[in-house]
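First comes the structure, then the notes that go with it.
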Amino acid sequence: MKINPAAVPNQKKPNGYWFKVLTKFLESDDDCIELIPNEGEYKDIRSLQTSVAGAITRYKFALSTRRAEDRLFVIRKIRKDS
């Protein structure tokens, strides 16, 4: 038998992770939040944005994402005519 040292494989987020994060944001008074991934958690900011945008679409939240200089923001959509 051969034994090789290895890095711990990436683990997927638990079910409902993004639902909880986005719901908490919607319940707050903030209009914008920045998501900062841990080192090695996502390949790059774009892959994080894809994950978050998919969750926003799946749960039909009135939110959007925006990338700016390797930073990711989640923004509450506010109607201008209200």
Side-chain angles (χ1 to χ4, degrees):
M1 176 186 315
K2 217 174 163 182
I3 300 174
N4 290 331
V8 177
N10 290 340
Q11 294 182 351
K12 290 185 176 183
K13 298 284 184 200
N15 288 342
Y17 175 80
W18 286 116
F19 180 79
K20 291 174 190 169
V21 170
L22 296 173
T23 301
K24 187 175 179 181
F25 168 52
L26 286 171
E27 291 171 351
S28 73
D29 293 332
D30 301 324
D31 291 331
C32 180
I33 58 170
E34 180 180 2
L35 297 178
I36 304 168
N38 294 327
E39 185 70 33
E41 190 173 16
Y42 288 90
K43 180 179 149 187
D44 55 16
I45 291 295
R46 187 174 186 129
S47 63
L48 173 59
Q49 182 181 24
T50 301
S51 296
V52 175
I56 290 170
T57 302
R58 181 179 321 115
Y59 300 122
K60 297 180 173 81
F61 287 137
L63 301 171
S64 64
T65 61
R66 183 161 305 147
R67 279 184 299 130
E69 300 176 11
D70 287 338
R71 296 170 69 191
L72 179 65
F73 300 93
V74 178
I75 303 164
R76 185 186 311 256
K77 291 183 181 176
I78 301 171
R79 292 180 54 140
K80 300 292 184 196
D81 60 347
S82 306

* Structure fact -> side chain to side chain donor-acceptor pair (under 3.5 Å) filter on E27, not counting sequence neighbours, yields none
* Structure fact -> By salt bridge (charged side-chain N to carboxylate O under 4.0 Å, His left out), R76 pairs with (sequence neighbours left out) D31
* ring pair (Phe, Tyr, Trp, His ring centres under 6.0 Å): pairs with one or both residues in residues 19-38, sequence neighbours excluded -> F19-Y59, F19-F61
Validation: residues 68-75 side-chain donor-acceptor distances under 3.5 Å, sequence neighbours left out:
| from | atom 1 | to | atom 2 | distance (Å) |
| --- | --- | --- | --- | --- |
| R71 | NE | E34 | OE2 | 3.0 |
| R71 | NH2 | E34 | OE1 | 3.0 |

Without placing hydrogens or testing angles, list every side-chain donor-acceptor pair under 3.5 Å for residues 48-56, not counting sequence neighbours.
| from | atom 1 | to | atom 2 | distance (Å) |
| --- | --- | --- | --- | --- |
| Q49 | OE1 | R67 | NE | 2.6 |
| Q49 | NE2 | T65 | OG1 | 3.1 |
| T50 | OG1 | R46 | O | 3.0 |
| S51 | OG | S47 | O | 3.2 |

* Asked: Taking only residues two or more places apart in sequence or in another chain, which ones pass side chain to side chain donor-acceptor pair (under 3.5 Å) with D30?
  -> none
